[in-house]
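Right, one structure below, let's go through it.
All values reported here derive from a predicted model rather than from experimental measurement. Naming: A, B, ... by sequence-line order, numbering from 1 per chain.
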Amino acid sequence: MPTMIRIDVQAQDFDLAAEYALIRDIADNPGAITIFSGLVRELQDVAAEGQSLTLEHYPGMTQKALRDIAEHACDRWPLSVCRVIHRVGTLQPGDQIVLVATASLHRDAAFDAARFIMDYLKTSAPFWKKQVAGDKDYWVESRTSDHQAAARWQDDNNS
Amino acid sequence: MYSIHYFASVREQLDCSEESIEATDAIATVADLVKLLAARGGAWTMLANRQQVLIAVNQAVSDHEQALTGNDEIAFFPPMTGG
């Protein structure tokens with residue numbers, strides 16, 4: 001099945017309804033569309049107005065890394081559309097940060113592929129988060145659980 | 001020339017975002033380049049820490065054994081935290 005892969009790395013926000021409409025329009029007989037959106041979490045112990053999250057990336061590599069992940073998903077599941085949007089720059093609590101959308105004939109492929117893309121995106125695409133919390137700022141550390149989530153797909157040959 | 005880029009916490013700790021280094025026979029692999037940079041001392045020694053600092057050659061994640069040729073683009077950065 002030919003797959004439409006579309007990747008954007010951008011500062012501006014995205015519109016979930018518009019993305020859904022576009023995917024529905026271009027997908028080949030979409031029996032299932034999965035859309036995941038990740039949002040900037042609000043820290044509990046700091047006033048919301050004193051918080052921000054800045055995303056740095058490696059411009060030359062980011063598109064390529066995201067496309068590689070999407071292509072791996074397309075090799076593994078029968079997808080007709082694979083869409084990734086990742087924002088960069090400074091975001092506020094509650095802002096949308098990432099979108100992963102997949103379309104397939106059946107739901108299992110759409111669900112699994114979207115999760116696969118997110119799990120790899122977190123550990124293999126060159127983005128880094130810097131958190132501002134009141135008068136402090138720090139780089140967000142990579143989490144072992146994220147690496148375990150990505151590694152799980154290597155052990156799982158049943159999908 | 002090797003074009004070298006530093007990102008995120010690595011960039012901040014080195015106070016350097018990019019530089020160029022003459023490609024010579026003495027820098028034939030990533031390991032050679034890391035050795036040369038780490039020899040500057042101070043924060044630069046962290047580049048040799050494989051858990052702390054990842055390396056990309058020509059925009060693909062790579063390792064210390066990777067061979068280098070002139071005009072390669074090499075990047076050093078901490079583990080990724082996107083999404």
Other residues, nucleotides, ligands: >12 heavy atoms within 6.0 Å of [X] [atom1]:
X: B:Arg40; atom1: CZ; answer: yes
X: A:Phe14; atom1: CZ; answer: yes
X: A:His72; atom1: NE2; answer: no
X: A:His106; atom1: NE2; answer: no
X: A:Asp75; atom1: CG; answer: yes

Steps toward side-chain contact (heavy atoms from CB on, under 4.5 Å) verdict (B:Glu12, A:Lys130): CA-CA 12 Å; B:Glu12 283 189 352; A:Lys130 188 171 206 180; 2.5 Å; yes
Under a 4.5 Å heavy-atom cut-off, does chain B meet the side chain of A:Lys64, its backbone, both or neither?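 Just its side chain gets close to chain B.
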Is it the side chain or the backbone of A:Thr62 that comes within 4.5 Å of chain B heavy atoms, both, or neither?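 Neither part; nothing is under 4.5 Å.
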Answer yes if [X] and [Y] sit in the same cluster of Ile, Leu, Val, Met, Phe, Trp and Tyr residues linked by side chain heavy atoms under 4.5 Å apart, and no otherwise.
X: A:Tyr120; Y: A:Ile7; result: yes
X: B:Met46; Y: A:Trp139; result: no
X: B:Leu47; Y: B:Ile27; result: yes
X: B:Met1; Y: B:Leu37; result: no
X: A:Val140; Y: A:Trp128; result: no

Once rounded to the nearest 0.5 Å, what's the spacing between atom OG of A:Ser142 and atom CD of B:Gln51?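 Reported to 0.5 Å precision, the distance equals 11.0 Å.
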Quick check: under 4.5 Å, non-hydrogen atoms only, which of residues 82-100 of chain A neighbour chain B?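 At a heavy-atom separation under 4.5 Å, chain B is reached by A:His86, A:Ile97, A:Val98.
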For chain B, which residues of residues 43-57 of chain A have at least one non-hydrogen atom nearer than 4.5 Å to it?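 Listed by number: A:Glu56, A:His57.
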Taking only heavy atoms into account, what residues of residues 71-83 of chain B are found under 4.5 Å from chain A?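 Residues in range: B:Glu73, B:Ala75, B:Phe77, B:Pro78, B:Pro79, B:Met80, B:Thr81, B:Gly82, B:Gly83.
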Looking only at heavy atoms, which of residues 2-9 of chain B get nearer than 4.5 Å to chain A?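 Hits under 4.5 Å: B:Phe7, B:Ala8, B:Ser9.
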